[in-house]
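Okay, so here's the structure we're looking at.
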Amino acid sequence: EKVFVNPVVNCAFRCKPCSRLSFLNGHRGYLENIERMMAEISAQVPNRDELQVVNVSTGSLPTAKEDFEVFKAIIESFRRKEFHRARFSIATSSLFDDSQLRQLKGLGVERLSVTMDGTSDDVLAKLYHGKGRGTVTGYSEMIKRVEGLFSLVAIHLILGHDSTDTIKRNVARLASQSQAAIHHYIPRIFHPHQYSILHPEAIEKGLVYYVDLFRFIDDLNDERMQPMNLCNPFYGLQGD
């Protein structure tokens with residue numbers, strides 16, 4: 001019913017909390033990876049009509065145009081393999097132009113996830129320098145723009161690098177300015193330096209810190225969304 005596709009090869013950014021840094025700079029190119037994965041998926045899903053949803057994420061390329069071409073290539077690969085009923089969800093920090101967004105929608109993209117990751121302007125500048133919109137205001141404007149085209153929009157946040165007060169304040173602001181679902185993640189720490197950049201409150205309180213934030217964010221999602229939208233094949237909470 002659902003597959004997750006991530007032909008990550010490289011990334012134009014080197015975000016300090018990224019759990020994939022050690023996997024980047026592989027020898028394979030995106031197109032080679034896509035074809036290899038499509039062969040594996042095709043072999044395991046003989047009934048093409050069974051596949052309903054494809055969630056796609058990649059590393060970021062230097063320009064939005066290059067990111068767009070990778071997403072387009074992935075979707076077209078599924079169509080060539082006759083997965084005609086599949087709908088697509090893409091996760092990106094790139095702001096595509098209106099023509100590109102309309103093309104993605106025409107190709108079957110129903111859900112666009114904005115990978116903001118950082119939870120404040122300070123964290124975005126220190127840990128995600130050069131990525132996406134750069135500020136909470138910039139990402140809020142990006143969300144408003146894509147909400148005008150896609151029926152399902154989400155924003156992804158990685159917790160652990162700000163105080164609970166800062167995160168709650170900025171999450172409440174995002175929730176008040178859009179209907180985008182807010183997804184939250186615990187940092188995946190694979191390297192010693194990634195632990196050292198956690199906020200002192202996250203280190204001191206541990207699981208209590210994350211549970212408090214999870215409840216706060218989930219309550220905001222519940223208040224803004226109909227029960228029928230709380231679970232669907234795209235995974236997680238969704239906005240109308």
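- Under the 4.5 Å side-chain contact rule for hydrophobic residues, Ile217 and Val208 do not share a cluster.
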I would like to know whether His199 and His161 meet ring pair (Phe, Tyr, Trp, His ring centres under 6.0 Å); could you show each step before the answer? CA-CA 5 Å; His199 191 273; His161 302 109; 9.4 Å; no

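- Ile189 and Val211 are not part of a single hydrophobic cluster, where members link through side-chain heavy atoms under 4.5 Å apart.
- Screening Lys16, Arg133, Lys131 against Asp117 for a salt bridge (Lys or Arg N to Asp or Glu O under 4.0 Å) leaves a single residue, Lys131.
- Residues Leu220 and Val171 share a closest heavy-atom pair of CD1-CG1, 3.6 Å.
- With a 6.0 Å radius and a threshold of 12 heavy atoms from other residues, nucleotides or ligands, Glu40 has its CD atom above the threshold.
- Using a 4.0 Å cut-off between charged nitrogen and carboxylate oxygen, Glu35 and Arg80 count as a salt-bridge pair.
- One hydrophobic cluster holds both Ile186 and Tyr209 under the rule that ILVMFWY side chains link at heavy-atom gaps under 4.5 Å.
- Between Lys144 and Gln177, the closest side-chain pair of non-hydrogen atoms falls below 4.5 Å.
- For the pair Phe88/Glu110, no side-chain contact is recorded, criterion being any heavy-atom separation below 4.5 Å from C-beta on.
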What verdict does the side-chain contact (heavy atoms from CB on, under 4.5 Å) test give for Val56 and Phe71, after you've listed the backbone C-alpha separation in whole Å, the side-chain angles of each residue and the deciding distance to 0.1 Å? CA-CA 8 Å; Val56 184; Phe71 284 121; 3.8 Å; yes

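- Using the six-membered ring where Trp is involved, Phe214 and Tyr210 have ring planes that are tilted, between 30° and 60° apart.
- Side-chain contact check for Glu201 and Thr164: at least one donor-acceptor pair (N or O, by modelled atom type) lies under 3.5 Å.
- Annotation: salt bridge (Lys or Arg N to Asp or Glu O under 4.0 Å) contacts involving residues 168-197, sequence neighbours excluded, comprise Lys168-Asp212.
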side-chain contact (heavy atoms from CB on, under 4.5 Å), that's the test. Do Val5 and Met37 meet it? Break it down for me. CA-CA 8 Å; Val5 178; Met37 290 196 302; 3.4 Å; yes

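- Note that CZ of Phe216 and CG of Asp218 are 11.0 Å apart. Values are rounded to the nearest 0.5 Å.
- You'll find the side chain of Phe78 reaches within 4.5 Å of the side chain of Ile41, heavy atoms only.
- Put simply, the side chain of Asn221 gets close to the backbone of Ile182: a donor and an acceptor are under 3.5 Å apart.
- Thr119 contributes atom OG1, which lies 13.0 Å from atom NE2 of His184 (distance to the nearest 0.5 angstrom).
- Shown here are the side chain to side chain contact (heavy atoms under 4.5 Å, CB included) partners of Glu66, two or more places apart in sequence or in another chain: Leu61, Pro62, Thr63.
- Checking side-chain atoms of Glu147 against main-chain N and O of Ala180 turns up a donor-acceptor pair under 3.5 Å.
- Taking every heavy atom of both residues into account, Ala202 and Gly160 meet most closely at CB-O, 3.7 Å.
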Please walk me through it: do Val3 and Leu51 pass side-chain contact (heavy atoms from CB on, under 4.5 Å)? CA-CA 8 Å; Val3 297; Leu51 183 57; 3.8 Å; yes

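- Counting only distance, with no hydrogens or angles, the side chain of Thr166 and the backbone of Asp162 share no donor-acceptor pair below 3.5 Å.
- Within 6.0 Å of atom NE2 in His129, 12 or fewer heavy atoms from other residues, nucleotides or ligands are found, so the atom counts as exposed in its surroundings.
- When the shell of 6.0 Å around CG of Leu31 is examined, it contains 12 or fewer heavy atoms from other residues, nucleotides or ligands.
- Thr115 contributes no side-chain N or O that, together with a main-chain N or O of Ala91, makes up a donor-acceptor pair within less than 3.5 Å.
- Counting only heavy atoms from C-beta outward, the side chains of Arg87 and Gln52 approach each other to under 4.5 Å.
- Counting heavy atoms from C-beta outward, Ile197 and Pro17 have side chains that approach closer than 4.5 Å.
- Taking 4.5 Å as the limit, every side-chain heavy atom of Cys18 sits out of range of all side-chain heavy atoms of Cys11.
- Note: Tyr195 OH to His193 NE2 = 14.5 Å, rounded to the nearest 0.5 Å.
- Considering all non-hydrogen atoms of both residues, Leu124 and Gly134 come closest at CB-O, 3.6 Å.
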Review item, side-chain donor-acceptor pairs of residues 96-105, under 3.5 Å, at least two apart:
unit_1: Asp97; atom_1: OD1; unit_2: Ser99; atom_2: N; d: 3.1
unit_1: Asp97; atom_1: OD1; unit_2: Gln100; atom_2: N; d: 2.8
unit_1: Asp98; atom_1: OD1; unit_2: Arg145; atom_2: NE; d: 3.3
unit_1: Asp98; atom_1: OD1; unit_2: Arg145; atom_2: NH2; d: 3.0
unit_1: Gln100; atom_1: OE1; unit_2: Asp97; atom_2: N; d: 3.0
unit_1: Lys105; atom_1: NZ; unit_2: Leu149; atom_2: O; d: 2.6

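- Distance CD1/Ile74 to CD1/Ile34: 4.5 Å, rounded to 0.5 Å.
- Between Ser113 atom OG and Ile143 atom CD1 the span is 10.5 Å, to the nearest 0.5 Å.
- When every heavy atom of His84 is checked against every heavy atom of Arg79, the shortest pair comes out as O-NH1, 3.3 Å.
- A 4.5 Å side-chain heavy-atom check between Met116 and Val136 finds at least one atom pair inside the cut-off.
- No donor-acceptor pair under 3.5 Å is formed between the side chain of Ser140 and the backbone N or O of Thr137.
- The shortest heavy-atom contact between Tyr128 and Ile158 is OH-CD1, 3.8 Å.
- Counting heavy atoms from C-beta on, the side chains of Val109 and Phe150 come closer than 4.5 Å.
- Ionic pairing of Glu82 and Arg48 is not present here: no N-O contact between side-chain nitrogen and carboxylate oxygen is shorter than 4.0 angstrom.
- Between the OG atom of Ser178 and the CD atom of Glu141 there is a distance of 12.5 Å, given to the nearest 0.5 Å.
- Nearest approach of Arg111 to Asn55, heavy atoms of both residues: NH1-OD1, 4.4 Å.
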Before giving the answer on side-chain contact (heavy atoms from CB on, under 4.5 Å), spell out for Glu50 and Glu1 the whole-Å C-alpha distance, their side-chain angles and the decisive distance to 0.1 Å. CA-CA 6 Å; Glu50 288 183 351; Glu1 178 181 90; over 6 Å; no

